[in-house]
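One structure below.
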Amino acid sequence: MDADAAFDEVRTLIAKGRGPEAIGRVKEIADSGSDPFVRIKCLSLLKVLDETEVSQEILRSLMSELPSERSDLIQVAGSLRGLDYPSSAYAILNGMEADDSVRRLSCMCLEDMDEYEMALDAVRSIEDMKPFDRVMLSEVLSALGNHSASVDVASALLEEMPDDFDVRRAYVASMMLAGRDKDAVKYVRGCLKDKSAASNALAAYAMRVSGNDKAAAGYATRAIKLDPKNVSAMETLGICLAERGEYDKARIVAGAINEASPGSRAALNVLSYCKGN
């Protein structure tokens with residue numbers, strides 16, 4: 001049986017609620033060869049099953065038999081970071097000759113590891129700064145408590161790219177973390193005048209960060225009705241459902257995120273709120 005057929009078999013077992021069998025089959029697939037990308041798919045399925053022991057075995061095997069090609073190494077590191085193994089991803093990157101792609105991904109891993117001083121060094125070392133890098137810079141500065149600088153970075157980027165969703169969300173986040181909630185909410189309300197899915201998703205994010213889960217879920221639901229593949233809105237809705245103890249519904253939302261954007265970190269963010277339940 002080829003890998004695709006084997007993975008289809010696992011998905012069928014999961015859909016039927018036969019978790020232990022699915023875990024055993026995933027382990028068999030991972031042990032059948034040394035293809036790193038097959039093992040990454042195995043780790044992804046085990047995340048859905050909320051299994052850790054077999055995951056650690058597969059992760060150790062993967063790290064002991066890494067590919068030699070630079071492009072493959074970066075892809076493996078990116079996948080591991082997306083699966084919430086930032087320290088393993090960073091270990092791969094730390095052994096590579098640095099260029100902007102390595103520095104960028106290293107910063108993302110260091111953020112996930114709460115190593116913000118190192119993350120700041122990594123993002124500032126990027127030679128050709130993209131908008132995404134400046135969003136990361138704003139995030140890291142906020143995490144380090146340098147809120148004024150974070151707001152300055154986000155504000156400048158917003159002036160340049162006022163319609164970019166990630167930029168708008170970074171601006172709202174920096175403002176709220178700086179204690180300027182009223183200004184952030186005023187900005188979000190202004191955005192809502194266009195009644196778009198993106199603006200409702202932004203409002204959902206802002207309400208969730210401020211602790212108003214009921215309003216967040218409402219805005220997220222509205223955004224999804226306008227755009228059924230809006231990942232940010234689905235992420236907010238899934239987290240709100242999990243916070244209310246509706247874990248089965250939250251997992252369904254995580255599955256929908258994965259269908260809309262395969263490999264999206266947002267699905268794992270939702271599942272992390274369901275962990276152990």
Side-chain angles (χ1 to χ4, degrees), residues 3-4 7 26-27 29-140 143-144 166 170 231 235 254 257-258 260-272 275:
D4 288 339
F7 284 126
V26 169
K27 188 176 186 308
I29 297 168
D31 290 342
S32 66
S34 59
D35 186 328
F37 299 106
V38 168
R39 285 173 169 166
I40 284 168
K41 286 184 180 180
C42 289
L43 290 171
S44 178
L45 286 168
L46 292 173
K47 282 288 183 181
V48 174
L49 290 162
D50 195 18
E51 200 290 331
T52 56
E53 186 176 341
V54 175
S55 296
Q56 288 301 315
E57 291 180 27
I58 295 172
L59 180 60
R60 284 193 292 270
S61 297
L62 171 61
M63 293 296 289
S64 69
E65 297 182 276
L66 291 168
S68 57
E69 289 292 326
R70 179 181 176 85
S71 59
D72 288 342
L73 278 172
I74 291 175
Q75 188 175 346
V76 168
S79 297
L80 288 176
R81 185 258 166 184
L83 289 169
D84 201 23
Y85 297 112
S87 60
S88 296
Y90 183 70
I92 294 172
L93 298 166
N94 204 32
M96 299 176 65
E97 182 180 348
D99 61 10
D100 278 356
S101 63
V102 170
R103 296 181 186 109
R104 184 172 293 115
L105 187 51
S106 293
C107 180
M108 295 164 69
C109 292
L110 289 164
E111 275 195 274
D112 294 340
M113 295 158 64
D114 296 336
E115 295 286 355
Y116 297 113
E117 292 285 358
M118 293 172 65
L120 184 60
D121 289 340
V123 71
R124 282 178 168 168
S125 70
I126 295 172
E127 295 176 0
D128 183 17
M129 291 280 284
K130 306 296 185 185
F132 175 80
D133 303 321
R134 292 163 67 189
V135 167
M136 282 201 299
L137 176 58
S138 177
E139 292 172 349
V140 173
L144 289 169
D166 291 329
V231 170
E235 179 183 14
I257 292 172
N258 201 44
S261 180
S264 171
R265 185 69 177 274
L268 287 180
N269 287 345
V270 172
L271 291 173
S272 70
K275 197 169 182 66

Taking the side chain as every heavy atom from C-beta outward, state whether [X] and [Y] have any pair of such atoms under 4.5 Å apart.
X: D121; Y: L110; result: no
X: F37; Y: V76; result: yes
X: L80; Y: L62; result: yes
X: R39; Y: L59; result: no
X: C42; Y: F7; result: yes
X: M63; Y: Y85; result: no
X: D166; Y: F132; result: no
X: S272; Y: D84; result: no

Between [X] and [Y], what is the shortest heavy-atom contact and its length?
X: R70; Y: A98; value: NH2-C, 4.5 Å
X: Y116; Y: V140; value: O-CG1, 3.5 Å
X: L73; Y: L66; value: CD2-CB, 4.0 Å
X: V102; Y: E97; value: CG2-O, 3.9 Å
X: G82; Y: L268; value: O-CD1, 2.6 Å
X: L93; Y: C109; value: CD1-SG, 4.1 Å

Separation between [atom1] of [X] and [atom2] of [Y], rounded to the nearest 0.5 Å:
X: Q56; Y: E51; atom1: CD; atom2: CD; value: 9.0 Å
X: R60; Y: S55; atom1: CZ; atom2: OG; value: 10.5 Å
X: E111; Y: E139; atom1: CD; atom2: CD; value: 4.5 Å
X: N269; Y: S264; atom1: CG; atom2: OG; value: 7.5 Å
X: D133; Y: I126; atom1: CG; atom2: CD1; value: 3.5 Å
X: E57; Y: L43; atom1: CD; atom2: CG; value: 11.5 Å

With sequence neighbours left out, what residues match [X] under side chain to side chain donor-acceptor pair (under 3.5 Å)?
X: K27; answer: D31
X: S138; answer: S150
X: D100; answer: R103

**Request:** Answer yes or no: is there a donor N or O on one side and an acceptor on the other, between the side chain of S44 and the main chain of I40, under 3.5 Å?
**Result:** no

**Asked** Are the side chain of R265 and the backbone of R81 linked by a donor-acceptor contact shorter than 3.5 Å?
**Response**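 Indeed, once roles are kept as given, a pair shorter than 3.5 Å links the two residues.
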
**Prompt:** Just wondering, more than 12 heavy atoms not from K47 lying within 6.0 Å of its NZ?
**Reply:**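 More than 12 heavy atoms, drawn from other residues, nucleotides or ligands, come within 6.0 Å of this atom.
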
**Request:** Take atom CD of E117 as the centre, draw a 6.0 Å sphere, and report whether it contains more than 12 heavy atoms from other residues, nucleotides or ligands.
**Result:** no

**Message:** Test side chain to side chain contact (heavy atoms under 4.5 Å, CB included) on D128 and R104; report intermediate values, then the result.
**Reply:** CA-CA 10 Å; D128 183 17; R104 184 172 293 115; 5.7 Å; no

